[in-house]
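All of these numbers come straight from a predicted model, not from anything done at the bench.
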Amino acid sequence: MVETIMTTSTPLTEGTPHLGRRRRWTLLVTVGTGLLLITLDNSILYTALPTLTRELDATWSESLWIINAYPLVMTGLLLGTGTLGDRLGHRRMFLSGLIVFGLASFMAATAPTPEVLIAARGLLAVGAAAMMPATLALIRVSFPDERERNIAISVWGSLSVVGGALGPIVGAPCSSTSRGARSSW
């Protein structure tokens with residue numbers, strides 16, 4: 001019985017329009033870029049932290065919060081934002097998260113104090129938490145063909161790993177000044 005359910009289930013929900021091939025892959029590029037930014041932002045400050053600490057005159061405790069506010073808030077909100085996306089729509093959650101993420105990135109890049117930077121990183125995490133579950137959900141409903149869906153999910157997973165690995169690499173050249181480190185968001 002379980003095997004029958006698994007093979008006959010469709011990733012499309014009632015009323016979901018079928019996207020053309022080009023639109024499906026454009027959607028993957030869009031959500032993939034969002035995911036890359038989310039995972040990149042998780043690790044970008046590792047190499048820039050000493051410069052940020054010095055330039056913003058941050059304490060040891062503030063430095064820890066600058067790094068940890070983002071993953072702490074994001075992981076705490078993922079389950080709830082995924083459920084909210086099921087109710088409100090994943091496209092709406094992705095776009096809302098993208099707006100919050102963009103505004104928080106600007107706030108982080110222009111933060112004059114450690115406290116503002118910590119708050120900006122927390123707000124970045126709210127946007128990331130709204131976007132992240134929506135990325136995979138949008139892939140699931142947009143790729144009805146199992147083979148294409150598997151490829152899309154593989155690309156999604158690869159971008160997640162690449163973003164985490166690129167963070168310190170992108171953060172290193174930006175760490176020569178505080179303004180450079182913060183503008184990398």
Quiz item: Do Leu78 and Pro133 come within less than 4.5 Å of each other through their side chains, counting heavy atoms only?
Solution: yes

Exercise. Check the surroundings of atom CG in Leu79: do more than 12 heavy atoms from other residues, nucleotides or ligands lie under 6.0 Å from it?
Key: no

Quiz item: Would you say Leu103 and Met107 make side-chain contact, with heavy atoms under 4.5 Å?
Solution: no

Self-check item: Closest contact, heavy atoms only, Val100 versus Leu123
Solution: CG1-O, 3.6 Å

Quiz item: When clusters are formed by joining ILVMFWY residues with side-chain heavy atoms under 4.5 Å apart, either directly or through shared neighbours, do Leu159 and Leu28 land in the same one?
Solution: yes

Practice problem: Test Leu27 against Arg23 for side-chain contact (heavy atoms from CB on, under 4.5 Å), laying out the working first. | Solution: CA-CA 6 Å; Leu27 177 121; Arg23 288 192 68 197; over 6 Å; no

Quiz item: Can Leu95 be reached from Val126 by stepping across I, L, V, M, F, W or Y side chains whose heavy atoms are under 4.5 Å apart?
Solution: no

Practice problem: Taking all non-hydrogen atoms of both residues into account, name the closest pair between Gly122 and Ala69 and its distance. | Solution: N-CB, 4.3 Å

Exercise. Nearest 0.5 Å please: distance from the CG atom of Leu49 over to the CG atom of Leu64.
Key: 8.0 Å

Quiz item: From Ser158 OG over to Ile153 CD1, what is the distance, rounded to the nearest 0.5 angstrom?
Solution: 12.0 Å

Exercise. Find out if a path of hydrophobic residues (ILVMFWY) with successive side-chain heavy-atom gaps under 4.5 Å connects Ile139 to Leu36.
Key: yes

Exercise. Please report the closest heavy-atom contact between Arg149 and Phe143, naming both atoms and the distance.
Key: NH1-O, 2.8 Å

Quiz item: Quick check, are the ring centers of Trp65 and Tyr70 under 6.0 angstrom apart?
Solution: no

Quiz item: Looking only at atom types and distance, does a side-chain atom of Thr135 sit under 3.5 Å from a main-chain N or O of Val31, one as donor and one as acceptor?
Solution: no

Exercise. Rounded to the nearest 0.5 Å, what's the gap from OG1 on Thr51 to CZ on Arg54? Could you check?
Key: 4.5 Å

Quiz item: Between Arg24 and Ser142, which heavy-atom pair has the shortest distance, and what is it?
Solution: CD-O, 2.6 Å

Quiz prompt | Worked check of side-chain contact (heavy atoms from CB on, under 4.5 Å) between Val29 and Trp25 | solution = CA-CA 6 Å; Val29 168; Trp25 294 104; 5.8 Å; no

Practice problem: State the CG-OG distance between Leu98 and Ser105, to the nearest 0.5 angstrom. | Solution: 9.5 Å

Exercise. Taking the side chain as every heavy atom from C-beta outward, state whether Val141 and His90 have any atom pair closer than 4.5 Å.
Key: no

Quiz item: Between Phe94 and Met131, what is the shortest heavy-atom contact and its length?
Solution: O-CG, 3.6 Å

Self-check item: Asn68, Val73, Val116, Asp41 screened by side chain to side chain contact (heavy atoms under 4.5 Å, CB included) with Arg121, the one that passes
Solution: Asp41

Quiz item: Going by atom types only, do Thr53 and Ser63 share a side-chain donor-acceptor pair under 3.5 Å?
Solution: yes

Quiz item: Within a reach of under 6.0 Å around CD of Glu115, are more than 12 heavy atoms found that belong to other residues, nucleotides or ligands?
Solution: yes

Quiz item: How long is the gap from CG on Leu40 to CG on Leu166, to the nearest 0.5 Å?
Solution: 6.5 Å

Quiz item: Taking atom CH2 of Trp156 and atom CG of Leu136, what is their separation to the nearest 0.5 Å?
Solution: 4.5 Å

Self-check item: Hydrophobic cluster identity match, Ile67 and Leu77, side-chain contacts under 4.5 Å
Solution: no

Quiz item: Does one hydrophobic cluster hold both Leu56 and Leu124, with members joined at side-chain heavy-atom distances below 4.5 Å?
Solution: yes

Exercise. Kindly give the heavy-atom pair with the smallest separation between Met74 and Ala128, and that separation in Å.
Key: SD-CB, 3.6 Å

